[in-house]
Every structure is written in structure tokens, then in C-alpha cells.
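Working notes for the structure below.
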Amino acid sequence: MPTSTVRYFPEKACETAVQMDTLPGTAEGRVGSVQLFQTQELSVSAVSVDRSASVGAGLRQVRTARGMTLRGLAQRIDVSPATLSQIENDKTGLTVDRLNRIADALGVRPADILEAGRTALVAPAVEPETLVAARPDRLGQTETRRQWREYEPLPLAPVVQAALEEILAVGYHGTSMREISKRCGLSVPGIYNYFTSKQDILMTIYQVTMDDLEQRTRGALAEGAGRDPVTVFTLLIENLALYHTHRRELGFIGASEMRSLTTENRRIIANKRNWQQAVVDEKVLAAVRAGSFRVRNPEDAARAVVSMCTALPTWWRPGGRMSPEEVANLYVEYALDLMQYRGADLDRNP
């Protein structure tokens, strides 16, 4: 049982403060709810145990409402998905420091998570997407690789889905909270229980987009580990083309609404986009050094190839003459031509 150090003050006093190392579980495996008040020294300032509350279930409810996957949140707070799943199912203790980090990653107050836990039903957290599969390698060991080519519908919270549809229809500046409310069936005050503003919802859409794309890019890189830079380059281009067709709605907003983000939010997303460009640049430059690519101004060519992929949502439509996979194969050919590749035929099978 984790230990806690508690200093008690009258609950109604503004100076009420509590110092806790861990929020312990009850005999039933649930975590007692914690009432938060703002103090100058501590973010947690008063504790009341509610046996019907579940901090884990509250966390899961808020995370889902924010449109963030279990894996995506785990990466943001630097824990394993398994650990976060145990927290959400109240199987392990939650430190106050970690609660604050989780709240920061979700863009909410710690009190919002705890309040959601008062009424949330405890249910096992099941992630909508599994991007990692296991297979034996040549040595009989288990090798994990991301199934980055597989796309299932991306489940978004009703508010996020409604905002996505409204922004696609009329643009960010034409979108109002009232119209989002009509689309999702939740009152405007109800929306503000989870999102502080329309900008907050837009940023959530961007975070979902970039987290999903980053996982898939890392999967493509993992598949290309130990292979020549040209092969890895083709995997990265295939990934970008697949993403911007299968996830064309997210890709369209990603390309068209950057100007609508606040300065700080734009900086955060720009850094994530720059990373995507950097991994392509790295393979292009490596292929040039190896003599496989003969293009002049390779970094400019790399930007042109990435831009070619991110522009796909402007013209590609499902049910058209080419599937996402056909588009991806064609774009890999375009990319190799642009890089002036004159090598042998590539075998891009894993």
C-alpha cells in the first residue's frame, strides 16, 4: 500500500492544503476521488474519499472526449500503454505529479478528471486501434512491427467529430459552438465541460491527426530498419500517401487550417510536421551520398515530394478511379522519378 502524507485544514478554508504522494486504491480496486482547490503552493489541496468514484474511469472518459488514444496519451506522459491502462482501470496508484502531467497533456484541469470520475462507470479500457502485431523473427524471438498500412475508422468523441464535419463544411472561422452543439446533440454548456474553446477543439483535431500519423511513420521506419535508404524512402512516401487518402478529412484540415491556430499551438504542430519532413530529408540525403539519387537540390526535392502527398486530400475522393493503395504505389514512382533514381527494381515487401 503506497504511503501518503496528509496535512488537514478546514475544508471550507481557501488555504486548505493536502500533500499526497499517491492516490491509493480502495478495497474494491477503485481510487478515492480528490476534491481540488486552487492554492499558491500546491495543485491538490483537499481530499475527500468517495467510494463510488473512480479516477481511472474519469480519466478514460476525459481522454475519450478529447479524442486521444490510450497509446497517444501514454507517449505524451512518457509511460507505457500498459501502465496507463492499469491506471484507467484503477489497478495501480496514481501520483499527484502524474495526475498533473496527464491533465496538462489533455489540456484540462486535474479537477475535471476527478469530477468525471464521480459518475463514470468503471469499464475496461479497450483501444479502438491496434497498430502493433507480433511475429517471430529468424531467431525465433518475438519482433514487434507496426501494421501501419491498416486503416480502420478513427473513433472520435462526438464533439470532435461534429467539429470536424462543421469545419470541413464551412471552415474554422465559419464554425460556431452552437452549430457544433447541433451536430453532436450536446448543449453548448455541456461542450464547455470538456473543451475550453473552439480553438481547443481544433487543437485536439490536430493532435489526433499528428499522433496517428507519427505512429504510422514510426511503423514504416521500423519496417525499414537495416535496409537501404532508398527502400526506407519509398516506405515513408507510401505511408504519407496512404495517410492522406485514408484520412483525407483530417489531412485536409491539417493543410488548410494551420493559419487558424494560435501562435503557440501553431508552433507545437509545426514542430511535429517538421519531424515528418526531417525523416524524409534524412533518407533522401543518405541515398544521394550512396549515389542512388542524382537529384540536384535534394532537400528542395524532398519538400516537393512531401507536399505532393499532403495535397492529396484536395483532389482524391473515395470511390474514384484509384484506391489509396494504387495512389500510394503511383506516388512512390513519382517520388523516385523526381529523385532521379536509376537503381535496380526495389523489393519493398517486409
Side-chain angles (χ1 to χ4, degrees), residues 129 131-132 145-154 164 168 205-206 208-225 227-258 269-270 272-288 292-293 295 298-341 343 345-350:
E129 289 188 295
L131 298 179
V132 178
R145 57 180 290 268
R146 296 192 183 273
Q147 302 301 315
W148 52 272
R149 294 183 180 91
E150 299 178 5
Y151 283 83
E152 297 294 335
L154 187 63
L164 175 64
L168 286 170
I205 293 173
Y206 268 94
V208 168
T209 301
M210 299 311 298
D211 287 349
D212 187 23
L213 178 57
E214 181 178 337
Q215 288 184 36
R216 295 175 184 279
T217 299
R218 293 189 184 278
L221 289 170
E223 182 173 315
R227 305 170 80 175
D228 65 276
V230 176
T231 297
V232 182
F233 169 78
T234 63
L235 294 173
L236 291 172
I237 301 310
E238 179 187 2
N239 174 58
L240 286 172
L242 287 175
Y243 194 86
H244 287 86
T245 47
H246 282 290
R247 300 277 195 253
R248 57 180 294 269
E249 294 89 355
L250 294 175
F252 183 83
I253 288 181
S256 64
E257 296 294 350
M258 278 289 286
I269 299 303
K272 292 178 177 291
R273 294 173 65 164
N274 290 341
W275 179 82
Q276 294 286 338
Q277 181 68 60
V279 295
V280 175
D281 292 348
E282 178 186 354
K283 299 308 173 184
V284 169
L285 293 173
V288 169
S292 301
F293 288 170
V295 63
E299 291 178 326
D300 293 338
R303 281 190 289 271
V305 169
V306 171
S307 297
M308 176 178 74
C309 296
T310 58
L312 275 167
T314 64
W315 68 267
W316 185 86
R317 296 291 182 274
R321 60 188 177 86
M322 287 191 294
S323 68
E325 290 69 29
E326 290 171 327
V327 169
N329 288 332
L330 184 62
Y331 269 46
V332 167
E333 292 180 14
Y334 290 161
L336 290 174
D337 286 344
L338 184 59
M339 295 299 167
Q340 298 183 27
Y341 175 65
D345 290 339
L346 292 170
D347 177 12
R348 296 191 296 112
N349 293 323

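- Smallest separation of non-hydrogen atoms from P313 and C309: CD-O, 4.2 Å.
- Counting heavy atoms from C-beta on, the side chains of E152 and H246 never come closer than 4.5 Å.
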Before giving the answer on side chain to side chain contact (heavy atoms under 4.5 Å, CB included), spell out for L168 and L164 the whole-Å C-alpha distance, their side-chain angles and the decisive distance to 0.1 Å. CA-CA 6 Å; L168 286 170; L164 175 64; 4.2 Å; yes
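- Within the 4.5 Å cutoff, the side chain of L242 has no heavy atoms near those of the Y331 side chain.
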Does the pair I253 and Y206 meet the rule for a side chain to side chain contact (heavy atoms under 4.5 Å, CB included), with working shown? CA-CA 8 Å; I253 288 181; Y206 268 94; 4.3 Å; yes
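- In this structure, the separation between CG on L236 and CD on Q277 is 10.5 Å, given to the nearest 0.5 Å.
- For the pair N274 (side chain) and A270 (backbone), a donor-acceptor distance under 3.5 Å is present.
- Expressed to the nearest 0.5 Å, how far CD of E249 lies from CD1 of I205 amounts to 11.5 Å.
- A distance of 5.5 Å separates CZ of F293 from CG of L336, quoted to the nearest 0.5 Å.
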Checking side chain to side chain contact (heavy atoms under 4.5 Å, CB included) for the pair Q276/L240: CA distance, chi angles, key distance, verdict? CA-CA 9 Å; Q276 294 286 338; L240 286 172; 4.3 Å; yes
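- Scanning both residues, T310 and A255, for their nearest heavy atoms gives O-CB, 4.5 Å.
- Within 6.0 Å of CZ in R321 there are 12 or fewer heavy atoms belonging to other residues, nucleotides or ligands.
- Atoms CE and CD1, from M339 and I237 in turn, are 7.0 Å apart once rounded to the nearest 0.5 Å.
- Cation-pi geometry between R216 and Y151 is met: the NZ or CZ atom falls under 6.0 Å from the ring centre, inside 45° of the normal.
- Taking E214 as the reference, R218 meet the salt bridge (Lys or Arg N to Asp or Glu O under 4.0 Å) condition, with sequence neighbours excluded.
- For the residue pair N239 and A220, the shortest heavy atom distance occurs at CB-CB, 4.3 Å.
- Qualifying salt bridge (Lys or Arg N to Asp or Glu O under 4.0 Å) partners for D300, counting only residues two or more places apart in sequence or in other chains: R303.
- K272 places none of its side-chain heavy atoms less than 4.5 Å from the side chain of L213.
- Side chain of W316 to backbone of P324: no donor-acceptor contact under 3.5 angstrom is found.
- Closest heavy-atom contact between V230 and A287: CG2-CB, 3.8 Å.
- Between F233 and Y341, the gap from one ring centroid to the other reaches at least 6.0 Å.
- Scanning all heavy atoms of the two residues, the minimum distance from I269 to M258 falls at CG2-SD, 3.7 Å.
- Once rounded to the nearest 0.5 Å, the distance linking CG of L154 with CZ of R247 reads 4.5 Å.
- Salt bridge present: E238 and R149 bring a charged side-chain N and a carboxylate O closer than 4.0 Å.
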Kindly determine whether D281 and V306 satisfy side chain to side chain contact (heavy atoms under 4.5 Å, CB included), including the steps that lead there. CA-CA 10 Å; D281 292 348; V306 171; 6.0 Å; no
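- When side chains are defined from C-beta on, L235 counts as touching W148, because their heavy atoms get closer than 4.5 Å.
- Looking only at side-chain heavy atoms (C-beta outward), L285 and E299 come within less than 4.5 Å of each other.
- Atom CG in N329 sits 10.0 Å away from atom OG1 in T234 (nearest 0.5 Å).
- The two residues A335 and V305 have their closest heavy-atom pair at CB-CG1, 3.8 Å.
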